[in-house]
Undergrad: 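I'd like to ask you about the structure that follows.
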Amino acid sequence: MKTIVFVECNISGTGVSALKIAKRLGYHTVLFTKECAFYRKIPDNPTLYVDDIIELNTDCMVSVLHKAMQYNTVGVVAFDDYRLVTAAAVSHALGLPSPSIKALVSCRYKNISREILSNKEENIKFKVCQIGENIDFSEFTFPLVVKPCDDSGSSQVTICSNIEEANIAVTELINFRINNRGYKLSSYYLIEEFIQGSEYSAEVYWNIELNQWEVLGITEKITTQGKYAVEIGHNFPCKLELKNKIEETIIGWLNRLGLSHTVAHVEFKLDNNKIRLIEVNPRVAGGMIDNLCENVTGFSLVECYLSLHVKGMSYIPQSVVENRFASIRFITPTKLGTIKTISTALVLSPSLLYKFVSTPIDAKALKDSYSRLGYIVVYGTCAEEVITSVESKLQQIKIEYIE
């Protein structure tokens, strides 16, 4: 039977969506993982949907390839950042479709993508540092950002207002060598200027027929203020006056990185009408953005991504005639402690979706996406009404702590 191998999964639900799509299309699905215990703690648990679970070391490309060779494998896919390159390498070895490994590495390591794209005015001032080196902050003005080169979900990304905070951030990053997914981080990290302005992302896909990038739409991001800019909401679509310039710039970045034949989630800020790159992610957006996009446009970024990575698979998107809008807000802890239950009297409907993490659970400080407790999504036709509704319904989520 034609088999799609999933190399781990992610916390945002795109991997689970892909599993459901693959099974609907008649494929046999296999999850290669070393993280079964981790998946039981997240709202979208892939082990509940996959046909077979194979426990192995997914950080080892040889182990993944050896096991994939034992199936009639027609696609090897990854939806989390940490295994994109591994999945691509195994795909190449098996003669299956995949993006350029070099391009994936250039996106995966933010220091490389910064260096490749650094000769344009839209880019930002940055410095690549390595653990053990002396740090000189004198060439930067505060605030600045300290971030790892190869982590995800805003993990260890810190906005620093002075040299004391910067030194603490670097020390914390140095001490954080194994991340929440068991991935050993690179010894390189970045110091970047802090970009003022509103944050957005472009949801982009490779049009296989036209052999070029297409921008599906722009997402507006809502983030926390302070040291940790954690995403706590998204609105889609976001209509901007600079739409044409933004699309041209985003596609230019992707082409210069050599990336193609996949889906990309490109984060950027608008700073006095300058388009400033945050990072390029060579996969489907997390944070339920794919769900917002599909509900509004009829285009499934997840199914498109699968079709670009699975031999013989094609994708024909549905069309949506009416103007639509979607908004998500993430549920976050109100304080530290052990959460007993998360509940609501809200009723699920075609215009309302929500999901919570399993409880009991220890609430962590809101520093990254791993600290979020679930989400609530509202769909509609009027942007203002949808945003008002999702904000109101978020207040109807009750978090009960163990005292």
Side-chain angles (χ1 to χ4, degrees), residues 99 103 106-107 110 113-114 116-125 193 195-223 231 233-287 289-302 304-305 308 315-328 381-384 386-387:
S106 297
C107 296
K110 300 174 183 70
S113 51
R114 280 279 181 229
I116 291 173
L117 302 175
S118 64
N119 63 337
K120 292 289 184 179
E121 63 174 305
E122 301 89 22
N123 212 307
I124 69 171
K125 186 175 183 179
E193 67 169 302
I195 308 171
Q196 302 292 340
S198 301
E199 186 170 347
Y200 306 90
S201 64
E203 318 316 328
V204 196
Y205 65 96
W206 184 260
N207 187 318
I208 198 75
E209 293 183 357
L210 299 178
N211 204 39
Q212 66 182 27
W213 287 105
E214 302 279 352
V215 178
L216 180 64
I218 304 295
T219 305
E220 179 186 16
K221 293 176 174 287
I222 298 109
T223 62
E231 295 173 13
H234 302 125
N235 299 322
F236 183 89
C238 179
K239 296 180 180 179
L240 299 169
E241 291 183 4
L242 295 176
K243 175 181 179 292
N244 292 338
K245 183 181 179 183
I246 290 169
E247 292 186 357
E248 180 183 346
T249 301
I250 296 294
I251 291 172
W253 287 340
L254 295 173
N255 288 335
R256 284 162 57 198
L257 288 167
L259 187 66
S260 65
H261 295 82
T262 188
V263 170
H265 169 66
V266 184
E267 299 175 343
F268 65 95
K269 278 189 171 183
L270 289 182
D271 177 20
N272 293 323
N273 288 334
K274 287 187 177 180
I275 305 163
R276 314 292 297 279
L277 174 67
I278 303 297
E279 63 185 44
V280 176
N281 301 283
R283 39 90 177 153
V284 181
I289 291 174
D290 66 296
N291 179 286
L292 309 188
C293 291
E294 184 171 6
N295 187 276
V296 169
T297 68
F299 190 100
S300 171
L301 289 165
V302 174
C304 176
Y305 182 86
L308 292 166
Y315 172 58
I316 301 174
Q318 299 177 0
S319 60
V320 173
V321 177
E322 64 177 333
N323 291 326
R324 293 186 60 79
F325 189 86
S327 184
I328 184 171
T381 55
C382 174
E384 185 176 337
V386 168
I387 291 173

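Numbering starts at 1 and runs along the sequence shown.
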Undergrad: Where the side chain of N255 meets the backbone of I251, is there a donor-acceptor pair that is under 3.5 Å apart?
TA: yes

Undergrad: Would you name the heavy atoms of P237 and F325 that are closest together and state the gap between them?
TA: O-CE1, 3.3 Å

Undergrad: State the CD1-NZ distance between I278 and K110, to the nearest 0.5 angstrom.
TA: 11.5 Å

Undergrad: So, W213 side chain and L259 main chain: donor-acceptor pair closer than 3.5 Å or not?
TA: yes

Undergrad: Any side-chain heavy atom of V280 sitting closer than 4.5 Å to one from S113?
TA: no

Undergrad: For the side chain to side chain contact (heavy atoms under 4.5 Å, CB included) test, which of T249, I218, I195 pairs with F268?
TA: I218

Undergrad: Would you give the length of the straight line joining atom CD of E241 to atom CD1 of I246, rounded to the nearest 0.5 angstrom?
TA: 10.0 Å

Undergrad: Does any non-hydrogen side-chain atom of K221 lie less than 4.5 Å from one of I289?
TA: yes

Undergrad: Does the side chain of V204 come within less than 4.5 Å of W253's, by heavy atoms?
TA: no

Undergrad: Give a yes or no answer on whether the side chain of E193 reaches the backbone of K125 with a donor-acceptor pair at less than 3.5 Å.
TA: yes

Undergrad: Between T219 and S201, is the side-chain contact (heavy atoms from CB on, under 4.5 Å) condition met? List the steps.
TA: CA-CA 5 Å; T219 305; S201 64; 3.4 Å; yes

Undergrad: Measure the spacing between CZ of R256 and CD1 of I116 and express it to the nearest 0.5 Å.
TA: 9.0 Å

Undergrad: Quick one: NZ on K269 to CD1 on I275, what's the gap to the nearest 0.5 Å?
TA: 15.0 Å

Undergrad: For residues I222 and H234, report the shortest heavy-atom separation together with the two atoms involved.
TA: CD1-N, 3.9 Å

Undergrad: How long is the gap from OG1 on T297 to CG on L292, to the nearest 0.5 Å?
TA: 10.5 Å

Undergrad: As an exercise, state the distance from OG of S118 to CD1 of I124, rounded to the nearest 0.5 Å.
TA: 11.0 Å

Undergrad: Please name the pair of heavy atoms, one in Y305 and one in P282, separated by the smallest distance, quoted to 0.1 Å.
TA: CE1-O, 4.3 Å

Undergrad: Is the count of non-hydrogen atoms from other residues, nucleotides or ligands lying under 6.0 Å from N207 atom CG greater than 12?
TA: yes

Undergrad: What are the two closest heavy atoms between E279 and L277, and how far apart are they?
TA: N-CD1, 3.7 Å

Undergrad: Are any non-hydrogen side-chain atoms of N272 and Q196 less than 4.5 angstrom apart?
TA: no

Undergrad: I need the minimum non-hydrogen distance between L257 and A103, along with the two atoms involved.
TA: O-CB, 3.5 Å

Undergrad: Using side-chain contact (heavy atoms from CB on, under 4.5 Å), reason through L254 and W206 one step at a time and then give a plain yes or no.
TA: CA-CA 10 Å; L254 295 173; W206 184 260; over 6 Å; no

Undergrad: Between V215 and Y205, is there a side-chain heavy-atom distance shorter than 4.5 Å?
TA: no

Undergrad: Does the side-chain contact (heavy atoms from CB on, under 4.5 Å) test come out yes or no for E220 and L240, once each step is laid out?
TA: CA-CA 10 Å; E220 179 186 16; L240 299 169; over 6 Å; no

Undergrad: Throw together a table of side-chain donor-acceptor distances under 3.5 angstrom for residues 260-267, partners on residues two or more places apart or in other chains.
TA:
from : atom 1 : to   : atom 2 : distance (Å)
H265 : ND1    : E203 : OE1    : 2.8
H265 : NE2    : E267 : OE2    : 3.2

Undergrad: A quick test of your reading: do over 12 heavy atoms of other residues, nucleotides or ligands sit less than 6.0 Å from CD of E248?
TA: no

Undergrad: What I'd like to find out is whether the side chain of I208 reaches to under 4.5 Å of the side chain of Y315, using heavy atoms alone.
TA: no

Undergrad: Does atom CD1 (I316) have a neighbourhood of more than 12 heavy atoms from anything else shown, all under 6.0 Å?
TA: no

Undergrad: What pair of heavy atoms forms the shortest contact from A285 to D290, and how long is it?
TA: O-OD1, 4.1 Å

Undergrad: For N235 and S327, which I'm curious about, is there any donor-acceptor pair between the side chains at under 3.5 Å?
TA: yes

